[in-house]
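Quick notes on the structure that follows.
Each chain gets a letter, A, B and so on, in the order the sequences are listed, and its residues count up from 1. A quick note: this is a predicted structure, and the numbers were derived from the prediction, not measured.
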There are 2 protein chains.
Amino acid sequence: MLTERQRMILNAIVDDYIRSAEPVGSRSISKRGDVGFSPATIRNEMADLEDLGFLEQPHTSAGRIPSHKGYRYYVDHLDPIYEALPTEQSTLRAFFAEKLNATEQVIQHAAMILSHITNYTSILLGPEVFHTSLRHFQLLSLNETTAVAIIVTSTGQVESKTVAVPPGVSVSEMEKVVNLLNSKLINVPLYKLKSRLYRELGQEMQRHLTNFEEIMSILDNIFVDTDTDQRVYLSGATNMLNQPEFKDVDKVKDILDLLEETPTLTKMMAATQGAAGIQVRIGTENNHEAFANCSLITATYSLDGEALGTIGILGPTRMEYARVMSLLGILSKDLTIMLSKLYK
Amino acid sequence: MLTERQRMILNAIVDDYIRSAEPVGSRSISKRGDVGFSPATIRNEMADLEDLGFLEQPHTSAGRIPSHKGYRYYVDHLDPIYEALPTEQSTLRAFFAEKLNATEQVIQHAAMILSHITNYTSILLGPEVFHTSLRHFQLLSLNETTAVAIIVTSTGQVESKTVAVPPGVSVSEMEKVVNLLNSKLINVPLYKLKSRLYRELGQEMQRHLTNFEEIMSILDNIFVDTDTDQRVYLSGATNMLNQPEFKDVDKVKDILDLLEETPTLTKMMAATQGAAGIQVRIGTENNHEAFANCSLITATYSLDGEALGTIGILGPTRMEYARVMSLLGILSKDLTIMLSKLYK
DNA sequence: CGTTAGCACTCGACTCAGATGAGTGCTAAC
DNA sequence: GTTAGCACTCATCTGAGTCGAGTGCTAACG
C-alpha cells in the first residue's frame, strides 16, 4: 500500500512529532539523516501521504502531524524487537525484588511504578474475582439486623460485604448454611457458585432450614456483586497535565472526569480482556468522546494460563508507543510469574 | 478591632469576590444596597482595610481582593445561623434514605454526594480503625508460606492482610493462637491489642506454643499497619479545574498531585481530628505549599461520642464558606446518627 | 523520469502603539 | 463625616506590521 520511502517518511514524522509535539516540516525530516532526500522530495511524498489520509495539516504553511490512521499504521509496523532502556528495565525489575505478599498490594504498587516510569497514566485491573475460586466463606453477625459476609478467594483476596438479615433468621441457621458452603463448595469458581448453590444444595438446604427463602436471598445479595467486581487501580492521572496538548484545562477536564468514573474505566479496560499480546487503541478507537486524543495500550497478566487482569497505560495519541509497549510486555510477563509464585 | 462599617464592607467584598472571582471595586459595593454609602466613602474604608492587612490590590487601578487575613476575619465572624438551601438539604437527606449497610459504602457514597452538591473536592476519612474494637479474628493459611489474616471490627469493617508464614510454624499452632485471641481479646480496642497481647497472653502462649517467637512476629506484622491505617476517600478532584483561579494547568497540577498522595492527605485531614465543630483552614494554614490558595473545611463524625473520622471539603480560598460549613455540619451530624443506628 | 533548487505565497505567532474603561487616590465642597 | 469631581494608573483589547517556518509549484538537472 505504501512505498518503502513513504513508510520511512511516515515513520520519521511520527517519531519526530512524538518527541516535539509540534508539526513536522519537510526540512527537519531531511536533516535527520535516515531519509536521504531533499526537503522538496519529501514535500512531495508528504502531500501524497496527506491525500492517503496518513497525515494532517493544521493549516497551510504548517508542518504535518500524523492522523489517527497514520498512528495506526505506525503502530502496526513498529519494529517488534524494540527494547526498553536498560535503566527503565532495571527499575521495573527492582519492583519485583520487593517482597510483597498480597495480590492487591502487588497490583497497586505496579500501577505506581508504571506511571512513574512512563510519565503517563496507568490503569490496572485487579484479578478478576470472577475466575478465582472459593477458598473460605464466613458469615458473621454484627447485630440483630446485619451480618458481614467474608469470602476468601484462591488468590488470597478477601472480599467482604455487609448485608441485612431479615428478622426471624437465626444465627444457628446461618451457621448451618456456612458449614454447608464450606464443606461442599470449596474450590468452585465464584462465577459458578450461584448455580451450584441452587442445583446441588437447594434440596439439602430446604430440608435443613426453616427460612429457606430468606437465607437464599441473603446469599444472592452476597454473591451478586462479587463476581463482576473487578477492582481498578489508577496512578499518575495528573501526568496528563504534563502533556503540551492538554495544557488547556478544558481539554483535560473531560479526561480526568472520565478517569474518576471507575465503572466506565473498568468496562473500557475489560474490553480487550482475554486478547493475547499487547493491544493498542488509538483515539476514537476507545469509543469515548473524552479520549478522542488519547491512546490506551493494554496487556494481560494471567494465572494458570487464564487471563486474570489487565494492565494499561493511557497517554496522548502522541505517545511513545514503542517504549510503553515494551514496558507493558515486560511487566505483564513478570506479573504473571510473580502471581503464580505467590499462589502455587 | 474593626468598626461596624468596616466589617460590613469587608463582608460585602468577600461575598462579592466569592461570587465573581474578580477584584471588587468601590462602586459595585455601593450599588449592592446593604452598605448605604457612596463609592468615595467606601474607597476610604477600603484603603484603611488594606493598611490593616484585610485586603489586597492586584495592581493600582484594580479593585480589592480579600487577603488570607480577610478571609479569616470573614469566616470567624460569619453569621452562625446561615442555612444551606432547602434543595441542597433535601439532596443530602435523600442520601440517608438509601439503605446502605456497610460503613465503607456509606462513607464512599457520602464523599460523592458531597462533592456533587458543593462542586468542590471532598475528602473523607474513614472510621479510625484505631478506635474500634476487635470483633473477630481469623488466620487462614493459603499455602505453605503464606496466610491471610482477617480482622473484623466492631463497626463491621473487614481488614485483611496477607502475611508470610515462616517454615516450621504449623497450622495447628496458629489455630491455637487464633482461638486464644478470639476468646480473650474480643471487644478490646485495636490500639490496645498489641499491649494486651503481650501482657495478658504472653505467658499462656509461651506455654502452649513451641514457636512462640515466630508467631509473635507474625502477629506483630498483622497489627502493625491496621491501627494507623485510616482509609481516605476522595471525590470530585476535577472540580478544582472548574475554578477560574485554577484555569492555568501549572497552578492546579501541584494541587492534584498532592491529592493523589493518600498518606499526606490522611495526615492533613487527621490534623484536626478530635477538635469539635467545624474547622476551617485557609491558605497557608494548611501547611502545604500546593494548597496555598486553597481552603479546607472539616468536620468530625463520631460513634458513641468518640470521634471516628473526618469529612472535609477542599476548594479555592475563594470558596463559599457559609454554604459548605452548613452542609458539612448537617452531614456530619447525620453520619453520626446513621452509623450509630447501624452498630447499636 | 525521479530528484532537487529556487521562489512566490500563506498564515500563525509575535510585537508594538493606541484606545478603552474600570478603578483608584486626592482635594475641595457640602 | 460624607461625597462629588477629577486626574491618574494600568490591565485588557484591538489592529497594523513584521517575521519566519513551511508549503506548492515550476523549471532545471543528472
Side-chain angles (χ1 to χ4, degrees), chain A residues 2-10 12-17 19-67 70 244-245 247-248 251, chain B residues 2-10 12-17 19-67 70 244-245 247-248 251:
Chain A
L2 291 188
T3 67
E4 180 58 20
R5 191 166 72 185
Q6 283 175 325
R7 222 190 57 75
M8 280 175 63
I9 291 175
L10 177 55
I13 291 174
V14 177
D15 267 350
D16 250 40
Y17 186 63
R19 260 190 299 106
S20 69
E22 309 239 303
V24 183
S26 54
R27 230 176 90 84
S28 54
I29 295 295
S30 175
K31 276 198 292 190
R32 280 170 52 118
D34 55 347
V35 187
F37 294 95
S38 78
T41 310
I42 293 173
R43 272 206 292 284
N44 288 330
E45 295 285 27
M46 280 162 86
D48 288 351
L49 283 169
E50 188 175 350
D51 288 343
L52 290 168
F54 291 98
L55 295 178
E56 283 170 0
Q57 209 171 10
H59 56 267
T60 343
S61 94
R64 303 298 208 295
I65 61 174
S67 66
E245 48 263 78
K247 75 171 193 295
D248 184 2
K251 282 184 191 131
Chain B
L2 292 188
T3 67
E4 181 57 20
R5 191 167 71 186
Q6 284 175 326
R7 222 189 58 75
M8 280 175 63
I9 290 174
L10 177 55
I13 290 175
V14 177
D15 268 349
D16 250 40
Y17 185 63
R19 260 190 298 106
S20 69
E22 309 240 303
V24 183
S26 54
R27 232 176 88 85
S28 55
I29 295 297
S30 174
K31 275 199 291 191
R32 280 171 51 119
D34 55 346
V35 187
F37 294 96
S38 77
T41 310
I42 292 174
R43 273 205 293 284
N44 288 330
E45 295 285 28
M46 280 162 87
D48 289 350
L49 282 169
E50 188 175 351
D51 288 342
L52 290 168
F54 292 97
L55 295 179
E56 283 170 2
Q57 209 171 8
H59 57 267
T60 343
S61 95
R64 303 301 209 292
I65 60 174
S67 66
E245 46 263 77
K247 75 169 193 298
D248 183 4
K251 282 184 190 130

Checklist entry - Taking for each residue the nucleotide of DNA chain D with the nearest heavy atom, is it A:V24 or B:R5 whose nucleotide lies nearer the 5' end? => result B:R5
Checklist entry - Who pairs with B:E56 by side-chain contact (heavy atoms from CB on, under 4.5 Å), at least two apart in sequence or on another chain? => result B:I65, B:S67
Next on the checklist: Let me confirm one number: the CD1-CZ distance from B:I29 to B:R64, rounded to the nearest 0.5 Å.
Outcome noted: 11.0 Å
Checklist entry - Does A:F54 reach the side chain of A:I13, with side-chain heavy atoms less than 4.5 Å apart? => result no
Checklist entry - Could you state the interatomic distance from CE (A:M8) to OG1 (A:T3), rounded to the nearest 0.5 Å? => result 10.0 Å
Checklist entry - How long is the span from the CZ atom in A:R19 to the CG atom in A:D15, to the nearest 0.5 Å? => result 7.0 Å
Item to check | Minimum heavy-atom distance B:A62-B:Q57, with the two atoms named | outcome: O-NE2, 3.2 Å
Checklist entry - What heavy-atom pair brings B:E50 and B:L55 nearest, and what distance separates the two atoms? => result CG-O, 3.6 Å
Checklist entry - So where does chain A start and stop touching DNA chain C, 5' to 3', when the test is distance under 4.0 Å to a non-hydrogen atom? => result C:dT3 to C:dG12
Checklist entry - Which heavy atom in A:P58 sits nearest to a heavy atom in A:P23, and how many Å separate them? => result CG-CG, 3.9 Å
Checklist entry - Quick one: are A:P39 and A:I42 in side-chain contact, heavy atoms under 4.5 Å? => result no
Checklist entry - What pairs of residues pass the salt bridge (charged side-chain N to carboxylate O under 4.0 Å, His left out) test when at least one of them lies in residues 26-40 of chain A, not counting sequence neighbours? => result A:D16-A:R32, A:R32-A:D34
Checklist outcome for this item: Under a 4.0 Å heavy-atom cutoff, the residues of residues 26-53 of chain A touching DNA chain D are A:S26, A:R43, A:M46
Checklist outcome for this item: Base-pair string, DNA chain C, Watson-Crick plus G-U, cut-off 3.5 Å on both distances, | for inter-strand, is ||||||||||||||||||||||||||||||
Nucleotide N/O of nucleotides 8-14 of chain D paired with protein N/O under 3.5 Å:
{"from": "D:dT9", "atom 1": "O2", "to": "B:S61", "atom 2": "OG", "distance (Å)": "2.9"}
{"from": "D:dC10", "atom 1": "OP1", "to": "B:T60", "atom 2": "OG1", "distance (Å)": "3.2"}
{"from": "D:dC10", "atom 1": "O4'", "to": "B:S61", "atom 2": "OG", "distance (Å)": "3.2"}

Checklist entry - Any side-chain heavy-atom pair from B:F37 and B:R5 closer than 4.5 angstrom? => result yes
Item to check | Least distance between heavy atoms, A:M46 atom then A:V24 atom | outcome: CE-O, 3.5 Å
